[in-house]
Structure formats: structure tokens, C-alpha cells
Amino acid sequence: MSTNQAVNTALPVYTKKDFESGVDPRWCPGCGDYSIINQIQKTMPTVGVARENIVFVSGIGCSSRFPYYMNNYGMHTLHGRAPAFASGIKVSRPELMVWVMTGDGDALAIGGNHFIHAMRRNLDLKLVMFNNRIYGLTKGQVSPTSELGKKTKSTPHGSPDYPFNPPALALGSGATFVARTIDVEGAHMGGVLKAAAEHKGSVFVEVFQNCPVFNDGAYTFLTDKAVKADMLLRMEHGKPLLYGKDGKKGIRLDAQTAQLEAVVVGENGVTEKDVLVHDAKRDDPTIAFMLANLAEKHGFPTPIGVFRDVRKPTADELTWEMIEKAKSQKGDVDLGKFLAGGDTWTIK
Amino acid sequence: MSTNQAVNTALPVYTKKDFESGVDPRWCPGCGDYSIINQIQKTMPTVGVARENIVFVSGIGCSSRFPYYMNNYGMHTLHGRAPAFASGIKVSRPELMVWVMTGDGDALAIGGNHFIHAMRRNLDLKLVMFNNRIYGLTKGQVSPTSELGKKTKSTPHGSPDYPFNPPALALGSGATFVARTIDVEGAHMGGVLKAAAEHKGSVFVEVFQNCPVFNDGAYTFLTDKAVKADMLLRMEHGKPLLYGKDGKKGIRLDAQTAQLEAVVVGENGVTEKDVLVHDAKRDDPTIAFMLANLAEKHGFPTPIGVFRDVRKPTADELTWEMIEKAKSQKGDVDLGKFLAGGDTWTIK
Amino acid sequence: MSTQTAAPKSKVQVETVTIRFVGDSGDGMQLTGTEFTKANALAGNDLATFPDYPAEIRAPAGSLAGVSGYQVHFGAREIHTPGDAPDVLVAMNPAALKTNLADLRTGGMLIVNGGAFTESNLEKAGYKSNPLHDAALKQNYKIFDVDMNKLTEAALAGSGLSSKEIARCKNYFALGLMYWLYSRPMEAQLQSIAKKFAKKPEIAEANQKVFKAGYAYGDTTEVFFQRYDVPASKLAPGTYRNITGNAAVALGFATVAKTTGRQVFLGSYPITPATEILQEMSHFKEHGVVTFQAEDEIAGIGSAIGASFAGALGCTTTSGPGLALKSEMLGLAVIAELPLVLVDVQRGGPSTGMPTKTEQSDLLIALYGRHGEAPLPVLAAQSPVDCFYAAIEAMKIAVKWMTPVILLTDGYLGNGSEPFLIPDPAKLPKIDVKYATAPNFEGKYMPYLRNDKLVRPWAIPGTAGLEHRIGGLEKDSMSGMVSYDGMNHERMVKTRAQKIRNVVEDVPDVEPFGAASGDVLLLSWGGTFGSVRGAAEELVAKGKKVGHAHLRWLNPLPKNLGKVLARYEKILVPEVNDGQLATYVRSKFPGVDPLQYNHIHGKPLKISELAGRVLELL
Amino acid sequence: MSTQTAAPKSKVQVETVTIRFVGDSGDGMQLTGTEFTKANALAGNDLATFPDYPAEIRAPAGSLAGVSGYQVHFGAREIHTPGDAPDVLVAMNPAALKTNLADLRTGGMLIVNGGAFTESNLEKAGYKSNPLHDAALKQNYKIFDVDMNKLTEAALAGSGLSSKEIARCKNYFALGLMYWLYSRPMEAQLQSIAKKFAKKPEIAEANQKVFKAGYAYGDTTEVFFQRYDVPASKLAPGTYRNITGNAAVALGFATVAKTTGRQVFLGSYPITPATEILQEMSHFKEHGVVTFQAEDEIAGIGSAIGASFAGALGCTTTSGPGLALKSEMLGLAVIAELPLVLVDVQRGGPSTGMPTKTEQSDLLIALYGRHGEAPLPVLAAQSPVDCFYAAIEAMKIAVKWMTPVILLTDGYLGNGSEPFLIPDPAKLPKIDVKYATAPNFEGKYMPYLRNDKLVRPWAIPGTAGLEHRIGGLEKDSMSGMVSYDGMNHERMVKTRAQKIRNVVEDVPDVEPFGAASGDVLLLSWGGTFGSVRGAAEELVAKGKKVGHAHLRWLNPLPKNLGKVLARYEKILVPEVNDGQLATYVRSKFPGVDPLQYNHIHGKPLKISELAGRVLELL
Ligand SMILES: Cc1ncc(C[n+]2csc(CCOP(=O)(O)OP(=O)(O)O)c2C)c(N)n1
Ligand SMILES: Cc1ncc(C[n+]2csc(CCOP(=O)(O)OP(=O)(O)O)c2C)c(N)n1
Ligand code: SF4
Ligand code: SF4
Ligand SMILES: [Mg+2]
Ligand SMILES: [Mg+2]
């Protein structure tokens, strides 16, 4: 009943080149998107899936041009709707690996509804959002991740809207894998993408991406050599949440107030074991949510890495379980019998 | 420039009757919606706003019939779109009090995008969602709040989708007021609605509502006399999170694991001050989120009351600040000058 | 035995009868109607039925808004519609009488449950006095005032059931009475009651008692002195089932899955009156149907297009508001050239309009409701059973031509039912689903390199070597890569349009019923087939030079339509809208200026009224 | 002084000239074009311009995809379009030459920056050899190979600027050369440079130097031996500004806010090529305009409808894909009968299509793209300046008739510009916004109790005693409460349709230009006005019996259109689509079967080609 084509079992040994479509990317010089595609193309050979069984789906935006540059099956669809198409592909053909490449406007403005539903269903979709905090393709309007008060072409007096906190929204929607990385941190991005590829279930990866043309320097507050060490908190599952040049700064939870505090190991009696240990595998999304909100508070670093990575049956698995169950219980009913179902009568 | 009609200053003294349109509700006998409208009509006289300055906006669904029964200005709009209309009303006329009455399908299925954006913008909209965990008006299909595995007319083998946790989604979206109440708890609902009316900013109130026809008993696990005391946690700002028949059960935060635990005051050394004190006024939404996820864990009660109530400038306030600023800076430019703006030249 | 005891009373043969059962939502009229329908089917009548639900979920008991009805038209000859005016009205309470009396034909039979005509019920229905005592009423109709409440209670005296449970049985009294009145054997019904209430034997027994009591009441009391007999009609021999249009669409799609061995993927969002298709198909998992209830209509069609890209046979079901929302997505399916069937079960518009009432007002949006040049085939089903064949045909065209197809049905077809002669699987249309398996141009795969019919190939994920990308931007006429070249764009626009025109090779010519040429041609489409054909038959029987041409295909139109139109003096286009087909015909056949006949009451057209209008034209 | 020194070289008078500046996105061609346009405007020429942006944000430097162009057509007589084929092509690099050469009229002037014709640039443009050495090229065009890179460097030797900064100045060399070639005084430009770079005096000085160098180059070198003079045209006296269609729409809406003293509320979502309207209007806060960038198109129109319910003048702006998404919302506005203007800046379709290319293919979706019977007025602007008046007119109709109105413009009008004679505010159309202030029926407020024109009253929140509810379900013809009564529904459908037909009282008759009757009538709508009028003028000048009727109003159509069509032998409908107006005209005037002229290249129609086609018909 399914449309599966024969799927080759023995995988060829792939190189990055095998995932390049040969069409040269048309992003502006210096665009952060280049480093993202570079990491994706490096990661693909390592995921153990045949090239023809990988599908890249995107909406509309600079970021959404992505599929044209990958040598896989690809759909460049409608603004905001990529998760809807991807959901159909995945539910119909669960054996395919489906990636959704999207932008902050595509995923969170017009596409917000499909985004939150893909996350809550825990469909096995890998959604990577290029967050440049601006509408690039349409040349610089405010996006749902632009800062409050941000002056853009459509908000010359500043934006009156609070931005989304994308990982918080994904967690609030029920995403089982939530992570963040940065265009200029190639190695880190590679690691996050690999983890995303290995996760079964709804994946949300936010990539801080610089748009040199319409929102240049959006992330220098994090990526500048001078501040990086103190501003970036690299989360690792099972490791204490430490950061800072000498790795002595840490995050501690105060049980009385149920608040996170920034502490320094070695200073006023703080020891390493007071520092909160990151647990991405926990079913309760609260700690991940707490970290997703960390940077909102003044004087706290911005976490990158995996916030949450929890395995639960996916909507596609559950759907096909039911289908297989129905088939095994009812067997292959012959068409004549099927058509004659229900109350019938016969005219001689 | 604005369309404000003269707004009467001295308010008449209203009674419940003043808010009844005279059209009798067409909900099924025993529908939880009756108790909701009853509480709203009781609350309205107390909110200190002239009847003609209150607008009820709804989408489509049983719940969305609401505006017809209120003696205010009302719009019964399109399925899922109520927050979009309401946003226009509020941004255009910030002096109006705008309520959005909606269902779980209306707000979270087709309306999900408008919902999360109304919440993140912190527009001063009061959104009340009647959550019967089913599509009522269309006679019983699965909704985004129906339980995993739920058998409905459209999921005869059970739903393969995980439900949303509505307060968690609202918090993840940035709502500044998030609360929950139950149709059968009239007094409690009245209190929550009053608080919602007094909050300035995006309001999300989830009302557990029974649909006796298509999803009867959805909340008996909470509302049955037998279990109620142990299953309902009544959150109150500044009060310890205690519940149970004798109010000895409590919620404690374990700093080591950053997890909430259910404890009993008096048993193995637990004292009342170990119990977490509810703080709805905290800017960091984490504790509210933690409580929103409480009931997901086995053996924990379901919280009702106000999760979060934080005052921040609203999108409508910020929008009109900019408008007033522009007006005061530029004054009332005469039309002729305005039309002749930019580079001009003159032909004799 | 029942038949013997009936002997004393006279029996009249009638050719066709229309009966409407009306009562409170709680009175079980839908059940009574369907059960009585089955009895007539088993007796070999042709028939058509139409339910009339209240718009509100469940309005207060006894209120006008809470009235629910079910009409069945059965007879000894071919039946096209559920009937114009009922011959018999069975009214279980005052509200039901108030809202339906106007439809009963004068001289018709009015059977009322007098027991329900209480002060409070009369008031709820807005009657000042009891209408049953009204002289005019007695004059215009044959009234039978039966206190079914009391009679039911009597029949169940000492049954130990609660009065609430007893009250719930009274619809079986009405049913029994009808069985007697139309001389139907009781056995089958007694068994079906036993089956239906197998879990509650005491209720089963009670309902059987009451059913028999109703039958006996007609048989023994002096109230009814004559009964009727509607002989079997000459239906084609074979096995039948009664089917609604919505169930037929679902069955049709599932049939495609079984005949092709390919997955049929339905992405949908519930909406009245289309929801039943989704619900039905969700039961067909073992038949190769995958259903996905999406978060909204846009995701419904989006998921279906995604599934089609992945190789499934994608479809989506909706009604007007949903069709409007799917407009942008349809445009993508057109430019991507992927197979897809969108079923629009039309309802009263505009906007939310009248969800439970039927209408044909989505024709123009189906034809033109996309931005840019985005033509696609449009097909309309003509009867509940035709919904089965139309669904198969729509999918066949979608796959053969790699295009989205819109299938229009309506609330009247979707909820209405008629006997479905179960087809021989071997005789069903064949659909061959072919996927590209190898490069088609110099060792490369060109997704837009077309065959002689201008159809592009379909390569699906999992096929090594054919990896390719498609999208919504204009694409190079071979590689499918983005192209902003103006000439390429014009070529693609024209090619897509020509491809859809080519579909005409699969559109059968119209063959008018009745006069092949003459005074008036009735030109109809979609759900009005039955009413219009009924009117045509009447007129032709009267010897009038009247023909009837019915359009199932709206785009492309049948090759010979222009010629056919030219053969008649006048053309009359009856529609349940404000003249959409008439507008379309004018645009397609310059010089042809059809007359219009438009009723927009949310109800099917009445044969008698339409026939009357045509007579004026002769 | 410039003018004196120019004396030695001969000067030729020409009536009109079309010049296209093309170069890399980074070369500043848009600036060069607009600055040169201003010079001609100041010199009193009539003119029209059209930019041609690359679709990609910023493709790699020197690539074909990265070419950006700006065309200006100016002259001593009335100018309708940016011109067919350029007379002069200024190409700053090989890619620009490659993508634009085909358009240059044979015998035209080709000015190239030879310095940019390097190996690598030639390769990026896909040239095997340097085209400038190609004999054919020399034959067909007057080539002027100027190494602007070197000359710019020379002019700035010792300026201390980086080579990157120097390179950025070279567009001013081209500009200076053009100033000389067309005898424009340098002063104004020197000042405007000073103003533009006030913050960076050294850059200002450099650009002025280079600008003068370009001028001097023409003046002194032996490369150019003749220059041109385009005399002022007889433009109406008054103050002018150059304006694009998108800016004009924004200005029109703001003007409504100022003349009515009411809030204009724009709910919108960015989309090419409509985004500029939102951007412009967001600057008009102090003028009574409120802008709301919504999360999507549906919320954009929804917020505008909400604002209208609250008493504002709601509007929304978009392009094809957005129009499709707003379809359901438009239906609500129709049934609710609230004022709203939707502006659709059409672009190449279907689907995402060709966002930066122009097209007229949204006419049928504008007319028919809603489910159910949902008619509304449709207006189309005919030129960039007309966008200003059309926006005011659309809002006037929306308010007067309490209806949504669709205003169609297109990418060509939206981005194209022409001189705008600044109107006398007193002479602008008056819009009177009236809100209901008191009950209108037996002490109650009936929101759907209509006036003699069938228009309903508008009561807004804040008005005590008029509290009422409206919605998308069919409503009682007076109270507006939900009604499922079939007859009421039909009445409402017919009434809404009649109300829109009544709008014809505000639609002026068409008065054809040229022959009032005769051989051929050119029937056009929207953005093709300029090209079609241009062709008509040519033909009429040749003494042909040709008329031109242009439609600004598509629904309702002008009362006298039928009569006008009847006065010509043949009717030719030129459109940048596959024949949408032709289809519509056929449906409206049975018997009329216009010929079609359809170009779908994403470019405006060419006057010469169209005129040629008409000659074939004579
Ligand atoms: C239905 C629809 N609405 C609007 C647009 C115009 N549009 C294209 S991309 C885009 C936003 C892009 O922003 P983002 O998603 O952040 O992607 P980026 O370009 O920044 O990578 C918009 C508004 C469209 N193509 N389709
Ligand atoms: C665009 C559109 N899609 C679908 C529908 C059909 N519809 C009406 S209400 C509804 C869901 C109602 O569920 P909910 O919002 O939970 O409200 P309830 O009836 O349960 O109170 C649906 C699917 C519609 N009216 N419009
Ligand atoms: S506009 Fe910004 S996001 Fe888009 S391609 Fe250019 S740099 Fe990248
Ligand atoms: S269907 Fe359910 S929700 Fe709707 S009115 Fe009836 S009881 Fe209430
Ligand atoms: Mg972006
Ligand atoms: Mg619900």
C-alpha cells in the first residue's frame, strides 16, 4: 500500500561533494547562510541515510533557497508552509529523512501555526531556523525575532512588538529536541546538526545567522572575541553549566526563590558542585525552558547547544502502528467485499 | 485623527442583566458554556468600563457563539481568526476593552498563529479559551488538546498526536497573564475573570469546559468530589503551594535536580516553609512554566488559578506612544505641504 | 403473520411516495427515517433521501431551532430526488409541525404525535392555540392525531423502564405505524432492533414492543382505514447498499488505493458538510488510506501535496471557507504539477453563511479563484452515487495529467442518499500510476521534460539518481530550476494552459436527454441533476420539445457542447446560486445568452416549480 | 560655465529619448537613473521611469543574476511609458551588456565602461571573447567604449581615498557624461551631491570631481562629437514631484486620513512588490495613519476589518499570493458589509511565480475569487500617479457603500514613476464618514436596515445604545442576527449583489480616445494604459480609424461600455496575462467576442509591437 521505492541497503560512502547540487548559492557575499549549508553538507555523509531518501523542504526567504543547493530531493514551497508539506511527506513515507530549512519570518511569522503543530505532534521532522532577526529576501522589515524598539524599514520609529524567544516557544509547543548554534561557530554547529540528525522526533535548531546587508552585526554582542567567553554558555548534557574565560563562572539554582543565579566558582564559598548540571534528557521541559529564558535576564550569558533531547514515540510511528495493526487484524480485504460493506440488499 | 466617539465619563451602575443581549443561548442542555457566560455577565458590572466600550470577538465554534449573548459590541468572525480582528480593534482604539472568546480548536488548531502572536506582542487582549478537548460544533473530532490516543470521530483508532499544554504554549509565546479555571467552579472562575479584566496586557485564560454531548466527563478526574481535594492545586500569589483535604500536601523544589516534588507537610521532616511559595508577579516565566507542566507528571495535582500576572508596556501603548510622539514633534502638517513633500520642481 | 391480520383493511397501490419525519433533535428522526428507508429498499423500491439537521448542535428541547427532519422519496419507478413536497408529514411535536407544515402538499397526510402538543411545547413553538384544532388545517390535510406518548407508555407498562427511557422509544411507534401503512414486513426490523441494542436487551425488547404496537395501532384501530402498497421498481439486478454522497467519495478514494495498490493520502480539516469524508476514510487504514487531520485547511492541502511529492495519491476535502483558504496552495500544485484532488462539498455562502444548507455557489472560485494564470480541471458529481465514480475519475485525471483537480459536490449530495448498485471491481476504471525510474535526458533527470500530451514525469524520493528540486517560482521548462526569463515564463504559462485543455480527450461528449433539438434546453451541472432531469422527464412525457444536458465536467467543457447549445431555441440554466454557470457559458460561447433560473434558499430545486417555469417559455 | 564650453560641439534637438542604465547591483545604477531623471524633470520634460531589480537579493558581483537596471524615457511631449527599446544603453560591465543588449534599438547608442571588461568579468558573464571587438556589434550600434574605471581613478588621483571608495564613485562619471550629452546644467547635481554626502565631505568632493570629469570628458575628448537637447514639454504649470505607484497609493491613503480627519488603519504583511506601501505609510503616523505589520496576510486583512468595525478606515496591501490568502476574509467583509480597501500590486504568477516581474493576471480572482456569492467593487489604477487618485476613490467607494473594494495595481506601476502634479487640496474628492448615533427602528438599532441605495448604517463601539453583533453567518435582513431562513438568505444574496450594481452611479462612462467609432477599438485595463494609449496615438496620427477605451472600473463596468463596444468593427484586448479581461467581457456582453493580444514576459507591452498588430487588423 505504501509508495516505497526499493531502498538500497548498502550505503555508498559519501563525501560533502555528493550533497552539492552544483547550483551556486545566490546569497549575498558574507551571508551567514553559506556557513550553514557548509555544515549541513559536511554532516550529511555522516548520518547514514541514502542521499535519495533525504528530502529538504523550505518555505520562502533567503534561507529557504537552501534546497536548490542540496543534491537531494527538495521542495521550495510557500512562505511559512514548509512544515505542512514536510508533515505530509513524513506521515506518508516515514522511512524518509525530512529536513525543514526556514527563516525567522518563514517559521515564526506566517508559518507559526505549522511550526507549533509540527513540534507538538513530535513528528520526526528536523527543522532548522536561520534566525537573522529580519526579513532578508524582502529587504529589511521587522521579524518576530527582531528586538523590541528595533528600527527597520517597516518600523522606522521602532518595533512596538516583543520578540519571540524561539527555543521557549518550541518548548512550550512540546518539541522533543531543541537546540541553538551560531553561524560563525562552524564546529559547534556541526555537532548540533549531527545530534539533530540522530534524534527521532520533532527537532528545532535555531541558528543565529548574520545578515550583513539588512541586519549586520546582530550577534556581535555574543561573537566578538572580547566578550564571547563571558557571553556564551556552552551547554553539554551531564556537565555543569560553566562558562567564562577560565570556566569559573557558573549557573546555580536557588531553591528558595526557584531562580537561576550567575555565580563564580571559588568566590564566596561557591564550589563546582553548587553549579547546576545540565540535563537535556529530562522529560520535564522546565529546566530547558529556564535556560532558554536565561539570556532575557540582565548579566546572564546566552546558552548554545542542546536544551532538550528526549525520545518519545513520534506521530509518524504511532500513525503507522495503527495502520499496521488494522492491516494485521483485518487482513487484505478484497475489493468486492469492501464495496459491499454495510447493510445491503439484492434485487433479482 | 482617532475615531473615538465621546466616551461617557460617569459610569452607570450596571447589573448582570445589563450585559444580557436577550438572545437565549443555543448551547446543548448541560453545556459548560452556560456557566462561563454566567460568570462573565456577573463580572462585567465590576470592571468599571462602559458597556459600549467593551467588545467581544470570537471565531467559530460552539464557544464562539458567545458574543451574540452579550449586550456589548460583538463580532462573530471566522474560524481561528478572532485574535486578528481583535488586534486591529485594540491597536486602532486602545481605549476599548477587547475580549476574545474562543475554543480549543478555534484558538489552537486553525487559530494557533494569531494566538501566539497576540500573546507575544502583549497586546491588551483578554482571551478566554473554552477547552472541552473536542470539536463541538462539528460534532466530535479530535482537537489539539485531545489526549494522545483519544478515540474521536476522526480518530477511531485513537489520536497519534500529543496535545498542547495550553498554559505552557501561552507562556512560551510570552503571555503576561496566564490562568486556568473550571466551568464547575463558578466562584473560582469569577475571581480569575476579575483578575484577567484588571490585567493590562495579553491575557490567556483556559477554562476546563465539559461538553456533555461529545466529550462528557473530560474533567471528572479533577472535579469528582472524591478526588477533587487531592487533584486540584489552587495557586495563589504569595501563598505556599498547598493542597489536599487538610491542606498538608505541598510542592517543593529540589535545588539539586531542579525538579518539583510532591511532599506532605509534617511527614519526614517537611515543614511548611519547605513548600514553594507561588510568585505570579515574577518576570521570569520559568516558575509559571514549571507549574503549567506539573500535571504532566504522574502523581501531581492540576493547578488552577493564575500562573503569571506581569505588567509590561503593551503593544498598543507602545504604538500610540510613537504616534503621539510623531504628532507632537511634527505637529499637524497641512495637507498641501504634505503632498508637496520630497524633491519638487515647478513648471511655470 | 402481520400481513394476514391486515387483510380487512383496503390497500391502495401508489407509484411513488414522499414522507418526511420531523421531530425534536432528541426524538430520533434520523434513525426512524433511515430504518424506514431500508425497509423500502429491501422491498425493491428505488429511492432518495435527504436529512435536514438543525444548524445548532442541540437547541433547547421543543424549540424551533431544535427541529430535525429526514425525508425519503421511494417508488416503483426511477427516483431522482428526495421529492418536492412530502405526501406524508410525520410530526412529533408542535415545533416540528410549525417549521415543516408549509412544505406538505395540500391534501397530504399529516400524522402528529398529539401527546406532545402540550401547553409548554405549543408555547416553545410560538403557537397561541393548538393548531390541531384549527379548521383550515383540517380542510387542507388529512390529519391523524395519535398520542404516541401515551400509546408508547401503555405498551411498556410494567416494563420497569424509567419514564425517560420509555419516552425514547416513541420513534419506534411511528416507525411501526409507517411499516403498517406501507405494508412492510416487520421481521427484518425486529432483527435490526435486536442487533442495534444487543448490549441492552431490555431496551431492545421495549423498542420491539413499541414498534409492534405502532404497527398494530394502524392495523386494529379505526383511525386508519386504508393502507398503501408501493410495488418494487425495475432496478437493475444486483446487490445494493444505501449510500450518501460523502460516504461515496470516501469509498471512491479507498477504491483507488485498492485498485492501484498505492497509498491514498487524505490531508484534511473538519468542516460542515464535508467532515464525514474524513471520518469515513479514517476507518480505511487497512485499505491503503492514510488520513491526517491537519491543524487547518492550509496544512490539510499542504500535507496532501507533500505526500504527492513523496509518491502518494494526495487528496483534501473541505467546504467553501476551506476552499478559499486553500487557494494559494492550489496555485503551488498547479505550478509544481503534482497530482491532487480537492473535494469541495459546497454549502451556503458567502463567508460562514449557512453551513448546513446546500448551494452551488463555488463554481467560479473553483474555475478562477487563484492568482496568476492557474487553470485546473473541475469536475462536479451529479448524485450521491455519482460521488463514488467522480472521486475515482478525479483521481484518474490528477494522476494521468499530473495536475490538481477540483471535485465539486454539495451538502445536498453529501448528506443525501440513494441505492448504490455495488459495481464489479473488474469493471472499475483503471488508473496506472507510473513513477520515473531513470534519467530522461542525456543521463540527467529533467522533471519538466514533457511527453506528447505535455505531461511531466513523476520521480519520487527513494529513487537514486533522480534527485531533483521543485518549487513555486517559475521554472525552466526542462530542468525545473528557477528561471526569471520572460520568454520561458510565457512558454510555461501557455504550456500549462494547453495541458489542461488537452484533458478534454478524457471528457465525454454531452448527450442531451429528451429532444435532441427544439424549444428549450435545460443546462445544469452538479447536484441539481436529479431535479432538472425530473422536470425534463415530466415535460418530455407531456410531448414538449425539451432537452436536458447535464455537465459533470466544467473544465474542460465537453467538446461538443457548443454544437449542442446551438440546437435549441432557448437555453435555461437552473442553479442553486446567482447564475455562475450561466456566466461561465456566456464567456465560453460568445453569442450564447442563456436564461437563468436561480433559487438560493439552501434547498434543492423543486421539479414542479422548474417544470412550470419551462412551460412559460414554450 | 558648462554650457559655454560646450559651444564648439554641435547640438541636435530630439523630441524624446529612452536611456537605460545597467550595471552590477553594487554599481549604483538606481541612483544614477533617479538623479538623471530629476535633471530632466527640472528641465521641464515629461517622463516615465522603470527600475529593473535583480530577483536575487545580491547575487555575486559581476554575475548575470546581479545585474540591476533603471530606464528613463523623457521628452518634449506627453510621455506615457518608460519607453519600448532604449535609444541609449549605458552598460557598466559585461554581464549588464549581455542581459540588456537585445533591447537596445538598432542604431542606438551603446556606452560601455570598457574598464570593466576584464577576463574574469567576461567569464562571469559567459562571454568567450570580448564582445566590444565583435564586428556585428560595431555595425548595429554606435559604440562608445569609455574606461570609466581608469578615468575615475585619474580624477581622484591623490584624493587619499581607498581604491574601493574610488571605484564606488564611477557611477557619477557616467552621470556627468549623460549631463553633458543631454545638455543639463551641473549646478543642481553638484548641490545634491553635497547634500547627500553632507556627513562625508571627502566623499562628496570626490563624487563632484568625478561627476565633473564625466561631463568634461564628453565636452573635451574627441569621442563624442555631438550632443543632444530635449526641449521642455508643455506640462501643465504647477509644482511637481516624481512619484512611484506604491508611494502614490500610500500618499493617497494618508490624504484620506487628513481630509476626513479619521484614522486610516493599514494591516499588512510584507510582500514584493507591495512592501513599499507599508513602509511608506509607516512614516505617516502624524497624519492619522496607523500601520500594523501582522504575522501573516490573513491577520493583515483581519486586523483591518477589525479596525473598520471599530470605526477606522481599514485597508490592506499585498500581491497575488497574499490576495489568495485573504480570500476567506474578503468574504467576511462582504457579508458583514464593512468598508475596506485591499490593494493588490500584481506580479508574475501563478504561485510564487516571478515576484519582481509585472503581470495583470489577478483580474479574475479579484472578481470571482471568493466562495459563495460575494461580489465587490474592483478598480484598477492606470499609471503611477493614478495610484494616488485610485486609492482615494477606492476608499470613497468603500465608505459610501459599506463594502470591501479591491484596487489592482501592478509591479510596473508600483515601481515605475512619473511626474506628479501636486493637486490643490481643496479640489480633492470629499469623503464623508458618517457613523450612526441613534436607534433607527422603533427605538432599536438595526445594523442591516438599509437606505434607499441599499447601504447599511455604521455604528461603532463607544456609541451607547447601539451595541450590536455582526458576523459571518447569514443574517436577518434587519437585525443582523443569525438567520437560517432560506427566503431571508436569498433576499440577502440578491440585495448584496444589487448594492454592488448600484455602485455604477459612481462609475464614469468610458470615452474612447481617437475614433469614436470605426475599425478597431483597443480595450485595456490597469497598468497597460500607457502602452495602449501610446499605440493608439501613433495609429490615430497615421489617420487610422482606431479608438482606445480604458477601464479603470472593472466592477461595476461603466454603464455605456456595451454601446461603445458596438461602435467598432473589431475589438482588441491587449493584456499582460492569458486573456482575463477578454473572458470577462465575453461573459458580460453576449455576442461580443474580442480579439486578444497577450504578452506574458513580465514586462510592459511595447507600443510599437502593439501598433504593428493593430495595423494587421486594419
Ligand atoms: C504568502 C507570501 N507572503 C509574503 C511573501 C514575501 N516574503 C518572502 S520571504 C519573506 C520573509 C523572509 O524572511 P525570513 O523568513 O526571515 O527569511 P530570510 O530572507 O530572512 O532568510 C516574505 C515576507 C511571500 N513570498 N509569500
Ligand atoms: C475555515 C473553517 N474551517 C473549518 C470550519 C468548521 N468548524 C467550525 S467550528 C470548528 C471547531 C470547533 O471546535 P472548538 O474551537 O474547540 O469549539 P467548540 O465547538 O468545541 O466550542 C470547525 C472545525 C469553519 N467553520 N471554518
Ligand atoms: S539579504 Fe541577508 S540573509 Fe539574505 S542573502 Fe543577503 S545577507 Fe543573506
Ligand atoms: S456540542 Fe458540546 S460544547 Fe457544543 S454546545 Fe453542545 S455541549 Fe456545548
Ligand atoms: Mg530572516
Ligand atoms: Mg472545543
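Throughout, a chain's letter reflects where its sequence line sits, starting with A, and its residues are numbered from 1.
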Quick check on A:H76 against chain D: is it the side chain, the backbone, both or neither that has a heavy atom closer than 4.5 Å?
neither
Establish, for the pair D:K98 and D:Y127, whether the NZ or CZ atom is under 6.0 angstrom from the six-membered ring centre and no further than 45 degrees off its axis.
yes
Engaged part of A:T152 at the chain D interface, taking heavy atoms whose separation is under 4.5 Å:
neither
Cation-aromatic face contact A:R180/A:F204, 6.0 Å, 45 degrees
no
Atom group of D:S351 that falls short of 4.5 Å from chain A, counting heavy atoms:
side chain
How far apart are the C-alpha atoms of A:L108 and A:F115, what are their side-chain angles, what is the distance that settles it, and do they pass the side-chain contact (heavy atoms from CB on, under 4.5 Å) test?
CA-CA 7 Å; A:L108 301 183; A:F115 172 77; 3.8 Å; yes
Partner residues of D:F50 under the side-chain contact (heavy atoms from CB on, under 4.5 Å) criterion, sequence neighbours left out
D:P82, D:Y412, D:N415
